[in-house]
2 protein chains.
Amino acid sequence: MESGRPYSRLLSRLERYGPLEHHERQRISELPLTVTNVSAHQPITLQGDKPSRCTLVLGGFLYTHKMASGGRRQITSLLVPGDFADLQALHLHNVDCNLSALGPAVVAFVAPAALNDMLNRSPRLAQALWRETFIEAAIYREWVTNLGRRESIARVSHLICELASRLQTVDLARNLCFSIPLTQAELADACGISSVHANRVVQELRRLELVEWDSRQVRIRNWSGLARTGDFSAEYLQLPFCVEEAAPLEERVSEEA
Amino acid sequence: MESGRPYSRLLSRLERYGPLEHHERQRISELPLTVTNVSAHQPITLQGDKPSRCTLVLGGFLYTHKMASGGRRQITSLLVPGDFADLQALHLHNVDCNLSALGPAVVAFVAPAALNDMLNRSPRLAQALWRETFIEAAIYREWVTNLGRRESIARVSHLICELASRLQTVDLARNLCFSIPLTQAELADACGISSVHANRVVQELRRLELVEWDSRQVRIRNWSGLARTGDFSAEYLQLPFCVEEAAPLEERVSEEA
DNA sequence: CGACCGATTGACACAGCTCAAATGAAGTGG
DNA sequence: CCACTTCATTTGAGCTGTGTCAATCGGTCG
């Protein structure tokens with residue numbers, strides 16, 4: 001559970017498109033945060049709640065999910081350190097999905113009023129956070145495509161590629177390895193498949209020598225093969241660097257290892 | 001193709017959560033718009049483009065879509081009059097999906113710079129548009145759930161309920177009837193099913209006396225039945241009124257007709 | 001009239017689901 | 001240090017929702 005100053009990952013995130021000014025970084029560092037540990041599967045916000053806080057992920061992973069009829073659950077997003085989980089609390093009056101921790105996690109709560117106050121003083125910070133909202137929407141569009149038009153092995157491959165790319169930007173996926181407490185049942189709920197089938201897909205990815213995945217440790221053995229299988233192209237993530245530069249480079253390293 | 005003043009639907013949209021001040025409405029009405037007719041299936045923006053304008057839907061319907069491998073297409077959102085189709089042009093540098101017109105439509109293009117200029121002067125307008133972005137994200141979460149965890153008849157029913165609700169707020173769905181130039185193949189691409197199966201689902205909805213759907217005219221014959229079949233609940237749309245008030249009321253009217 | 005497009009139908013195939021049980025790993029308490 | 005529980009993973013077998021392929025039908029337009 002990496003710490004550093006709590007807002008450091010957020011800062012580097014907001015500066016992806018260009019540096020902030022000193023007083024802007026200052027304002028962020030002055031935000032009143034309530035840092036909290038949440039344990040695995042602990043619900044943070046429930047659908048139907050009136051939002052009273054915004055949640056910044058400092059360490060670990062959160063996820064949002066909705067229930068469909070028949071007790072079927074869909075994970076609608078995965079949140080990694082540096083992500084704001086529920087910025088919509090700033091402007092919406094009711095919460096449309098559940099927010100929980102995947103494994104043990106560290107979050108920082110911010111009062112919407114305090115955040116709004118900061119954003120009113122700093123239009124550029126407001127723009128930077130709005131931009132994060134647009135990126136979130138782009139990720140949703142890709143998930144819609146993934147769920148609607150790809151078969152199961154591609155869905156899982158695509159999700160792994162996305163996670164690796166996003167985690168690289170916060171330096172949590174070196175050599176195309178990363179650690180995530182995602183069970184096969186949760187993988188299934190994110191990919192819209194059954195947990196039995198998720199297991200078979202993971203085995204197939206192992207057999208194809210694309211991915212190793214044991215006890216929360218994911219290792220991509222063949223990035224380009226996995227990206228091909230998952231029909232993955234990182235443009236939608238709006239990353240500051242080209243994956244063509246970053247990922248295959250890492251791949252070479254990991255293949256020597 | 002309804003007109004009125006081009007920004008009138010946008011205004012009523014932004015005022016859903018509270019009235020704007022006179023000078024704010026003024027600023028919107030002074031936005032330099034380029035009103036344009038687009039013909040059916042005409043691409044407006046393509047994936048990979050550098051965004052150069054924001055597109056406001058004045059009349060008709062637009063949709064965004066992405067291609068998956070094997071030529072499979074997924075419609076990622078449907079846009080109705082009053083919607084901004086690509087606000088992300090304000091802050092993102094590349095376009096992640098295609099934008100086209102479903103049938104003939106009327107749009108207004110706004111230069112991002114002009115929009116940004118207006119938003120910098122009016123923080124409340126910026127907040128109002130940011131709120132629309134959050135609602136868009138909530139809709140995406142529901143689509144993810146729809147595609148991931150509902151079977152085909154529920155997916156289609158859910159989509160119809162969503163469209164009816166959204167169109168009601170812009171007064172384009174009285175008595176639970178609305179007109180939309182959506183072919184069964186496009187319905188299929190929105191719901192992640194094959195067009196053959198979309199046809200069978202539509203027939204089943206007719207047989208169950210839930211929906212009539214002939215040549216672009218959709219008539220919901222049994223709102224509560226359709227909402228039940230589609231596992232639909234409108235909270236995620238963040239509408240200013242309760243559907244429980246509006247929709248069943250309309251239903252009574254339409255059932256007498 | 002021919003061309004085209006969207007809706008419709010039938011037959012068959014298969015990806016992925018459900019049910020059910022077994023295996024393995026990790027922790028708990030006696 | 002061993003029973004016992006718990007939870008995640010794995011496997012097998014049969015079922016089904018949905019896809020694919022290939023026609024046909026019906027309306028519309030030039």
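Note on naming: letters A, B, ... go to the chains in the order of the sequence lines (proteins, then strands), and numbering restarts at 1 for each one. These numbers were taken from a predicted model, which means no experiment stands behind them.
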Measure from [atom1] on [X] to [atom2] on [N] and round the result to the nearest Å.
{"X": "A:Ile193", "N": "D:dT10", "atom1": "CD1", "atom2": "P", "answer": "13 Å"}
{"X": "B:Asn199", "N": "C:dG10", "atom1": "CG", "atom2": "P", "answer": "11 Å"}
{"X": "A:Gln184", "N": "D:dT10", "atom1": "CD", "atom2": "C1'", "answer": "8 Å"}
{"X": "A:Ile153", "N": "C:dA15", "atom1": "CD1", "atom2": "C1'", "answer": "12 Å"}
{"X": "B:Arg149", "N": "C:dG16", "atom1": "CZ", "atom2": "P", "answer": "13 Å"}
{"X": "A:Arg207", "N": "D:dT10", "atom1": "CZ", "atom2": "P", "answer": "15 Å"}

Problem set entry | Matching residue for A:Thr55 among A:Asp86, A:Thr34, A:Thr36 - test: side chain to side chain donor-acceptor pair (under 3.5 Å) |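 Exactly one option meets the side chain to side chain donor-acceptor pair (under 3.5 Å) with A:Thr55, and it is A:Asp86.
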
For this session: Can you figure out which of C:dG16, D:dG12, C:dT8 approaches the side chain of A:Val196 most closely?
Result: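 Nearest to the side chain of A:Val196 among the choices is D:dG12.
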
For this session: Just compare C:dT8, D:dG19, D:dT10 and give me whichever is closest to any side-chain atom of B:Arg200.
Result: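 Ranking C:dT8, D:dG19, D:dT10 by closest atom to the B:Arg200 side chain puts D:dG19 first.
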
Problem set entry | Distance-only donor-acceptor test (3.5 Å): side chain B:Arg72, base D:dG19 |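 No pair found.
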
For this session: Measure distances between side-chain N and O atoms of B:Arg216 and base N and O atoms of C:dG6, and say whether any donor-acceptor pair falls under 3.5 Å.
Result: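 For B:Arg216, whose side chain was compared with the base of C:dG6, there is no donor-acceptor pair (under 3.5 Å).
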
Problem set entry | Side-chain touch B:Phe61/B:Leu167, heavy atoms, less than 4.5 angstrom |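 With C-beta onward as the side chain, the pair touches.
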
